There are 2 protein chains.
Amino acid sequence: MSRKRWRAVKEIRIADVARLAGVSTATVSRVLSDPDKVRPKTHDLVMEAVRRSGYIPNSTAQKLRTRRTMNVLVVAPRLTNPVFAEILRGVDDELTESSYGIIIGNLDNRREREARYVDLALSRQVDGVLLLTGYVPANGTRSMSGSGLPIVAMCAAIQDQKIPNVVVQDREASSRAVAFLSDLGHRKFGYISGTPSSIIEVERFQGFLDGIAAAGLSDNDFMRWEGPFVFSTGVAAAESFLRMKERPTGIFAACDESAIGIIKRVRAERIRVPQDVSVIGFDGIEFADYTEPTLTTFRQPLYELGRVGADVLLKLIRGEMKAEDWNIRLPLTLLERDTTGPVLHKDYKSLRRSAL
Amino acid sequence: MSRKRWRAVKEIRIADVARLAGVSTATVSRVLSDPDKVRPKTHDLVMEAVRRSGYIPNSTAQKLRTRRTMNVLVVAPRLTNPVFAEILRGVDDELTESSYGIIIGNLDNRREREARYVDLALSRQVDGVLLLTGYVPANGTRSMSGSGLPIVAMCAAIQDQKIPNVVVQDREASSRAVAFLSDLGHRKFGYISGTPSSIIEVERFQGFLDGIAAAGLSDNDFMRWEGPFVFSTGVAAAESFLRMKERPTGIFAACDESAIGIIKRVRAERIRVPQDVSVIGFDGIEFADYTEPTLTTFRQPLYELGRVGADVLLKLIRGEMKAEDWNIRLPLTLLERDTTGPVLHKDYKSLRRSAL
DNA sequence: GTGAAAGCGCTAACAG
DNA sequence: CTGTTAGCGCTTTCAC
């Protein structure tokens with residue numbers, strides 16, 4: 001009886017199952033990993049023993065022996081950002097289907113947290129790394145690339161022969177945003193940036209500049225407000241906007257949050273959107289469909305991005321492809337909603353006056 | 001030269017460091033885990049060898065040997081929900097400080113995904129489990145509690161002697177919400193539920209009922225709309241609301257998303273918030289401060305909840321406490337903003353008329 | 001204060 | 001088809 005007690009407490013090992021089934025540990029192992037290599041009769045015998053004992057293999061031992069962890073590290077700048085959360089969903093679904101686990105490296109916008117995840121990669125706790133950061137995390141002396149582990153860059157591209165990129169066409173879309181506003185008659189623009197050091201920001205701003213040039217405009221035709229990818233950046237931009245005499249009529253925000261922030265703030269001052277100012281966002285977060293007015297923005301294929309990125313990484317891990325082969329750029333979709341409209345002509349009042 | 005090449009590719013093991021330092025592997029191990037047990041001279045010798053070789057211990061081998069994984073599993077219903085994301089931040093910060101890693105079990109609202117995480121716990125890949133689910137995940141025959149691992153329930157309580165709860169005072173706050181509206185003169189209520197099967201929903205609705213009773217009202221004085229914790233539930237509730245002849249004047253939504261959803265929809269029909277209907281949300285997501293009007297809601301101490309929950313789990317893992325000792329309930333804060341106001345008296349029009 | 005040696009629990013040659 | 005055996009890389013008694 002005291003033995004039975006022990007059972008409940010002590011972990012069941014493969015040797016226990018082997019004894020119970022009257023076979024060797026090797027056979028048990030085979031049944032569990034490659035059933036076809038074993039006679040059906042033995043198979044059933046073993047499975048019965050597994051069931052009766054409630055045996056579950058110790059995965060740490062498996063990992064040590066096989067040198068595969070079946071885990072992937074995903075490094076993200078900030079988890080509370082819905083953009084990353086959605087990408088993560090795609091990643092998770094793809095990895096789960098191949099029974100890979102996911103270890104989350106949340107930097108929470110603090111670079112000092114990188115060290116921990118560099119060590120994680122270097123100490124072989126994962127089989128591959130997904131980077132949503134736009135750069136390869138480093139720990140003073142050591143960089144994550146030193147691990148020799150397969151790495152895939154998502155979200156923001158990384159210039160490195162060894163690292164395939166799976167990104168969205170930020171630059172093209174940003175350029176299209178300007179064209180869209182320009183087609184509505186806007187000639188004076190505002191640009192609300194994201195975190196200036198972020199590669200995503202750099203790409204989007206570059207696209208914005210491309211658009212400005214394509215519209216036949218110059219540096220003098222727009223205003224740039226800086227700040228991180230958050231609501232309050234838009235609010236701060238609004239304060240500046242409100243103080244201006246010659247206000248832009250078309251505003252491009254590098255993320256939906258800051259677009260929402262500026263709209264909220266200027267509306268409080270009785271400035272009408274889109275009549276007085278048009279605003280276009282970027283990302284297509286779910287919330288953008290619940291603002292007032294609903295936000296015109298570019299939808300990123302985030303979930304798909306997650307799936308594709310994870311798929312590329314798995315292929316890399318399995319040796320099914322070489323890193324050089326892949327640079328995927330997914331297109332964005334313009335969601336034309338209610339914060340953008342034709343420019344109200346500058347000389348509106350004087351026109352009216354002269355018409356009298 | 002070909003040897004040097006090898007170096008870069010082949011993993012450095014503890015034996016390599018030992019050889020380099022001219023000591024045994026045991027000594028290297030001691031230096032790394034408990035430096036005081038070693039002569040300073042030896043210590044420096046070893047550290048130098050570690051530095052020169054770039055050695056990082058293989059954590060899988062450590063885990064197998066020490067039987068501690070230094071990982072915690074966090075099971076959450078859905079990662080894209082900002083509430084869980086914020087709790088996770090707290091959890092992550094707390095665990096990181098104790099150099100524990102975090103494995104995320106994202107159910108993505110699909111119960112069939114539980115199985116995977118049950119196995120994860122049973123196969124000893126983690127030292128403890130944090131449950132944001134309100135129930136103990138199970139896999140047909142096996143439940144996660146069978147692992148004997150320390151478990152802490154957060155967000156939603158779990159009735160189990162072995163599982164400490166770290167939750168917020170949902171029920172009390174829901175009750176207060178009704179009192180708040182009642183004090184503003186509202187006597188006819190609407191309740192927008194969350195996922196009906198969720199324990200959080202059950203608690204909040206119970207609190208709502210408490211409040212109704214405390215206000216001297218009955219089942220006839222409110223309307224209940226059901227749906228999951230998402231925007232569209234609020235939109236659906238709005239459709240029903242719009243069809244009613246005798247509309248509620250005070251609406252309590254079990255989450256901010258559905259509050260935002262209903263406000264958005266009814267405003268589109270020229271119904272004024274809060275003049276025609278007051279709406280109070282629940283959770284205090286960041287976004288609630290950027291809606292129009294800004295949403296009155298209860299702020300959950302989410303980050304703190306995460307930290308406290310993780311702390312309790314770590315104490316449990318270290319054997320510093322027993323499960324029975326802990327049931328923590330954190331208070332919520334009412335954020336009184338612009339979607340709530342005094343009821344406009346029913347006989348408003350007739351009053352005006354008689355005043356003429 | 002340090003080294004030798006015995007495993008942690010599992011898988012994968014290698015024989016048979 | 002199945003069993004024997006040798007480790008995966010590390011920590012930790014137990015001697016010295």
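Reminder, nothing fancy here: chain letters follow the sequence lines and each chain counts from 1. These numbers were taken from a predicted model, which means no experiment stands behind them.
As rounded to whole Å, 16 Å separates atom C1' of C:dC10 from atom CD1 of A:I12. B:D36 has its CG atom 13 Å from the P atom of C:dT2, to the nearest Å. The CG atom of A:L45 sits 16 Å away from the P atom of D:dC1 (whole-angstrom rounding). Atom P of nucleotide C:dC8 and atom CD of B:Q125 are separated by 20 Å, given to the nearest angstrom. Separating the CE atom of A:M70 from the P atom of C:dC10 is a distance of 17 Å, rounded to the nearest angstrom. Between the C1' atom of C:dT11 and the CG atom of A:N58 lies a distance of 13 Å, rounded to the nearest Å. One interatomic measurement links the two molecules: CG of B:D16 to P of D:dC8, which rounds to 12 Å at whole-angstrom precision. Residue B:L64 contributes atom CG, which lies 9 Å from atom C1' of D:dC8 at whole-angstrom precision.
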Tell me, with the steps shown, if A:R113 and B:D93 meet salt bridge (Lys or Arg N to Asp or Glu O under 4.0 Å).
-> CA-CA 10 Å; A:R113 296 189 61 148; B:D93 279 358; 2.6 Å; yes

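Not counting sequence neighbours, A:S29 has no partner by the side-chain hydrogen bond (donor to acceptor under 3.5 Å, both in side chains) test.
Looking at A:D127 and A:P150, their side chains never come closer than 4.5 Å, going by heavy atoms from C-beta outward. Taking the side chain as every heavy atom from C-beta outward, B:V50 and B:V31 never approach each other to under 4.5 Å. By the 4.5 Å heavy-atom criterion applied to side chains, B:L32 and B:M47 are counted as neighbours.
Between B:R307 and B:E304 there is no salt bridge, since none of the side-chain N atoms of the basic residue sits less than 4.0 Å from a carboxylate O of the acidic one.
Nucleic acid contact class of B:T60 (heavy atoms, under 4.0 Å, all strands): none.
In terms of phosphate contacts, A:R13 brings no side-chain nitrogen or oxygen within less than 4.0 Å of OP1 or OP2 of C:dC8.
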Under 4.0 Å protein heavy-atom contact, by nucleotide of nucleotides 11-16 of chain D - B base, S sugar-phosphate only | BBB---

